[in-house]
Amino acid sequence: MKTLRNSILCLGVVLLASPILRAQDFSKYRGFSLGTSLATVLKQTQQKPVDVKVLHARPTLVQELNWWPPSVPGASYRADSAEQMLFSFCNGELYKISVTYDVSSTQGLTTDDMVKSISAKYGPATILEPETDSVSNAKFNNNDMAVASWEDSQYLFKLVRSQFTNRFGLIVFSKLLNAEAEIVVADAMAMEKQEKPQREADLKKKEADDLEAERQKNQKAFRP
């Protein structure tokens, strides 16, 4: 009998905990899964390859895709609470999602209100010291601060807030893929800096050659 009671108690604990465990899936945000392909995200957002922006082509392809969630139909069209979502890809793989929340949807909400709302889905938050977070700067400017975070061993969510506009945002990323992407971006920027003098020299030469070709053409065609 004692064994039966213990078994029932354990089952009850598991059943009560399972909704929380299911809710704390940090690999996804609104149906978008970190690590998924660019083609999949394009299909989900109903956008086209032409909408994708190439940030760096070498040494590894780094791209981003901006998406504005559509308004929700009803008695009157209501804007989604997420005004804009920026998807970041490294070698065609989604490693980060940067969300900008609609101002009207967060009007009057405090940081505690936002933390409470997000925590209802992702569990207890870690409250961060009010300092600028470099991870957030990929989408938000230097005046935005990370105020709370949610994470597991693989993924991290960060709630950010502008010091001047009070606009809220959320940064969602894979720790591993984001670390790899940061290395790739640093290498790309170093390469571009090294090649910049030659690119500028080539551009000046092309402009001079084009001007000379135009001069010669007009020299033959000009009639005073």
How far does OG of Ser98 sit from CE of Met85, to the nearest 0.5 angstrom? 9.5 Å
How close do Leu159 and Gly169 get, counting heavy atoms only, and between which atoms? CD1-O, 3.4 Å
Calculate, to the nearest 0.5 Å, the distance between atoms CG and OG belonging to Asn91 and Ser37 respectively. 12.0 Å
Enclosure of Glu212 CD (heavy-atom neighbours >12, cutoff 6.0 Å): yes
Verify the cluster assignment for Val172 and Val115: are they in a single hydrophobic cluster under the rule of side-chain heavy atoms below 4.5 Å apart? yes
Polar side chain donor-acceptor pair, Thr36 to Ser33, under 3.5 angstrom: no
Carboxylate-amine/guanidinium proximity below 4.0 Å for Lys158 and Glu151: no
For Val99 and Gln84: C-alpha separation, side-chain torsions, deciding distance, then whether side chain to side chain contact (heavy atoms under 4.5 Å, CB included) applies. CA-CA 6 Å; Val99 184; Gln84 181 184 4; over 6 Å; no
Does one side chain, of Ser119 or Trp150, offer a donor that lies under 3.5 Å from an acceptor on the other? yes
If you measure only the distance, is there a donor-acceptor pair under 3.5 Å linking the side chains of Glu192 and His56? yes
Other residues, nucleotides and ligands only: do more than 12 of their heavy atoms fall within 6.0 Å of CZ on Arg30? yes
Please tell me if the side chains of Gln44 and Leu42 come closer than 4.5 Å, counting only heavy atoms from C-beta onward. no
Is it true that a side-chain atom of Asp113 and a backbone atom of Thr110 form a donor plus acceptor pair closer than 3.5 Å? yes
Looking at every heavy atom in both Asp152 and Lys175, which two are closest together, and how far apart are they? O-NZ, 2.7 Å
Hey, quick one: are Tyr95 and Val52 part of the same hydrophobic cluster, counting side-chain heavy atoms closer than 4.5 Å, chains of contacts allowed? no
Tyr29 side, atom OH; Lys121 side, atom NZ - distance, nearest 0.5 Å: 8.0 Å
Donor-acceptor pair, side chain of Gln47 and main chain of Asn66, under 3.5 angstrom: yes
Under 4.5 Å between any side-chain heavy atoms of Val62 and Val184, yes or no? yes
Do Tyr101 and Leu109 belong to the same hydrophobic cluster, where Ile, Leu, Val, Met, Phe, Trp and Tyr are linked whenever their side-chain heavy atoms lie under 4.5 Å apart, directly or via other members? yes
Candidate pair Asp51 and Leu65, rule side chain to side chain contact (heavy atoms under 4.5 Å, CB included), full reasoning: CA-CA 7 Å; Asp51 298 316; Leu65 175 69; 3.9 Å; yes
Does a sphere of radius 6.0 Å around CD in Gln216 hold more than 12 heavy atoms from other residues, nucleotides or ligands, not counting ones at 6.0 Å or beyond? yes
Distance, nearest 0.5 Å, that separates CG of Leu156 from OG of Ser149: 5.5 Å
Evaluate the side chain to side chain contact (heavy atoms under 4.5 Å, CB included) criterion for residues Met191 and Arg58: first the C-alpha distance (whole Å), next the side-chain angles of each, then the deciding distance (0.1 Å), finally the verdict. CA-CA 8 Å; Met191 183 181 295; Arg58 296 179 302 137; 3.5 Å; yes
Please name the pair of heavy atoms, one in Tyr122 and one in Lys28, separated by the smallest distance, quoted to 0.1 Å. OH-O, 3.5 Å
Output yes when Lys116 and Asp112 qualify as a salt bridge under the 4.0 Å nitrogen-oxygen rule, no when they do not. no
Is there a side-chain contact between Gln154 and Leu176, using heavy atoms and a 4.5 Å cut-off? no
Measure the CG-CE distance between Leu128 and Met145 for me, rounded to the nearest 0.5 Å. 10.5 Å
If hydrophobic clusters are built by linking Ile, Leu, Val, Met, Phe, Trp and Tyr wherever their side-chain heavy atoms come under 4.5 Å apart, do Ile127 and Ile118 end up in the same one? yes
Centres of the Phe87 and Phe32 rings: under 6.0 Å? yes
Could you go through Gln63 and Leu38, starting from their C-alpha distance and side-chain angles, then the distance that decides it, and tell me whether this counts as side chain to side chain contact (heavy atoms under 4.5 Å, CB included)? CA-CA 9 Å; Gln63 301 160 289; Leu38 172 59; 3.7 Å; yes
Looking just at side-chain N and O atoms, do Thr111 and Arg161 make a donor-acceptor pair shorter than 3.5 Å? yes
Minimum heavy-atom separation for Asp25 and Ser27, please, with both atom names. OD1-OG, 2.7 Å
Quick check: Phe173 with Tyr155 (ring centres under 6.0 Å apart)? no
Counting only heavy atoms from other residues, nucleotides and ligands, does the tally under 6.0 Å from CE of Met189 exceed 12? no
Taking the side chain as everything from C-beta on, heavy atoms only, tell me whether Thr106 gets closer than 4.5 Å to Asp102. no
Are Leu34 and Phe89 grouped together when hydrophobic residues (ILVMFWY) are joined by side-chain heavy atoms under 4.5 angstrom apart? yes
Taking atom OG1 of Thr40 and atom CG of Leu94, what is their separation to the nearest 0.5 Å? 9.5 Å
